[in-house]
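Start at 1 with the first residue, then count along the sequence.
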Amino acid sequence: MAAASKRRLKTQVIKHLVELVEEHAEGVQVLTDLKESAERKLNELISTIAEKQRTKKWTEDFIKKLEQEICELKKRSSEVEQLSRSEDHLHLLQSFQSLNILLPAPTKDWTKASVPPASYEGTVRRAETQLVETLRKMMKKKKKQKVKLKRVQKCAVDVTLDPDTAHPNLILSDDGKQVNDTDVRKDLPDNPERFSDCSVLAKQSFSSGRFYFEVQVKGKTAWNIGVVRESIDRKGGILLRPEDGSWTLYMMNRNDYAAIDDHLVLLSLKSRPQKVGVFVDYVNSLVSFYDVEAAALIYSFTGCSFKEKLFPYFSPCLNDDGKNSAPLIITPVGVN
């Protein structure tokens, strides 16, 4: 019962820690990692309690056998004492022979016996300490990630969509901050700048320094965002890969993420980004993507060969009978 009470108590402590994290920790990632850590520590605690129960049973059996032997020895000692008072020597000899009192009692040599060490001692406290330490490390990591994101957010630029580059099926907002696909083709001139697939560029271009922008992708089942060279092929089958002048991040099928680098890189993300930050360091040939709410790096292209002007690139992807009708939204940096 005591072991069960301790188990319930420690379970409550762990649940309380999780509740505190849910109230105060920022980001789904921290909560997910903490729950996984708590589950591991709880399983360790359960194993420890089971080990304690096994040790307790061994000890109880050990004591029981000792008590039986002591009882037997006491019984023989009493019989010998009674017989020793007898003055009938013949009867005394006959009693010894019939009772085998002179033979040693069937006792076991307990001199080398020992109780297994109580390895469970301190495990509960260690589990609590490790859990708190795990939480501290996660919060420290989260803080570092936020500091790093804030650093690149200082390179924020104002970006608006260029209607002259937009595919005829795309609808752009009046302020040039939103784009979505309607599956309805507008009658627009097929100028050289216009994409023949579901894409649009920003009006702004960059050929030096660093720049950063954020895009809300909430509610979408597919999207593609990043940066491309000015000379990117905009007609026919467009290949979005570094060697052709593009560095982009994909989301497909609601929760499949990928980047096309030297090869297709499938990404395993613990949380689904609602807002993506795009950071470009032209001098150091770097393009990085961030999950803004989690303050986590999603993927980085390194050693990029830019050579010319870069334009922010956006593709809301096909409408998919309304399933992917939500727009891509260029949002002010630092505003959730």
Any side-chain heavy atom of T160 sitting closer than 4.5 Å to one from Q204? yes
Atom CZ of R194 and atom CG of L201: how far apart are they, to the nearest 0.5 Å? 11.5 Å
Working note: K275 + T331, criterion side chain to side chain contact (heavy atoms under 4.5 Å, CB included); need CA distance, chi angles, decisive distance, verdict. CA-CA 9 Å; K275 187 183 293 186; T331 59; 3.7 Å; yes
Under the 3.5 angstrom rule, does the side chain of Q274 hit a backbone N or O of Q216 as a donor-acceptor pair? no
ring-ring contact (aromatic ring centres under 6.0 Å, His included) pairs, two or more places apart, involving residues 200-219: F206-F211, F213-F314
Qualifying side chain to side chain donor-acceptor pair (under 3.5 Å) pairs, either residue in residues 310-321, two or more places apart: S199-Y313
Does some side-chain heavy atom of L310 sit less than 4.5 Å from a side-chain heavy atom of V287? no
Under 3.5 Å: donor-acceptor pair, side chain of D181, backbone of P316: no
With sequence neighbours left out, what residues match L297 under side-chain contact (heavy atoms from CB on, under 4.5 Å)? S288, Y290, S300
Does any non-hydrogen side-chain atom of F279 lie less than 4.5 Å from one of L286? yes
Sequence neighbours excluded, the answer for side-chain contact (heavy atoms from CB on, under 4.5 Å) partners of R254 is T221, R272
Pairwise salt bridge (charged side-chain N to carboxylate O under 4.0 Å, His left out) hits with a residue in residues 150-170, at least two apart: D158-K177
Residues at least two apart in sequence or cross-chain that pass side-chain hydrogen bond (donor to acceptor under 3.5 Å, both in side chains) with R241, listed by chain then number, are D244
Ignoring hydrogens and angles, tell me if any N or O in the side chain of N253 forms a donor-acceptor pair with the backbone of D256 under 3.5 Å. no
Result block: side-chain N/O donor-acceptor pairs under 3.5 angstrom for residues 223-232, not counting sequence neighbours:
unit_1	atom_1	unit_2	atom_2	d
N224	OD1	T248	OG1	3.1
R229	NE	S305	O	3.3
R229	NE	F306	O	3.3
R229	NH2	S305	O	2.7
S231	OG	E308	OE1	3.0
S231	OG	E308	OE2	2.8

Please determine whether residues V184 and L170 belong to a single hydrophobic cluster, defined as Ile, Leu, Val, Met, Phe, Trp and Tyr linked transitively by side-chain heavy-atom distances below 4.5 Å. no
Could I get the full list of side-chain hydrogen bond (donor to acceptor under 3.5 Å, both in side chains) partners for Q153, not counting sequence neighbours? E214
My understanding is that only residues two or more places apart in sequence, or in another chain, count here; which of them pass side-chain contact (heavy atoms from CB on, under 4.5 Å) with P327? Q178, N180, I329
Checking T302 now: which residues fulfil side-chain hydrogen bond (donor to acceptor under 3.5 Å, both in side chains) with it, not counting sequence neighbours? none
Under the side-chain hydrogen bond (donor to acceptor under 3.5 Å, both in side chains) test, which residues partner R210, sequence neighbours left out? D281
Working to the nearest 0.5 angstrom, can you tell me the gap between N169 CG and K186 NZ? 7.0 Å
Distance-minimising heavy-atom pair for S173 and D175: OG-OD1, 2.5 Å
I298 to P273 - nearest heavy-atom pair and separation: CD1-CG, 3.9 Å
Heavy-atom distance under 4.5 Å between the side chains of S208 and V283, does that happen here? no
In terms of hydrophobic clustering (I, L, V, M, F, W, Y; side-chain heavy atoms under 4.5 Å; direct or indirect links), are L318 and L328 co-clustered? no
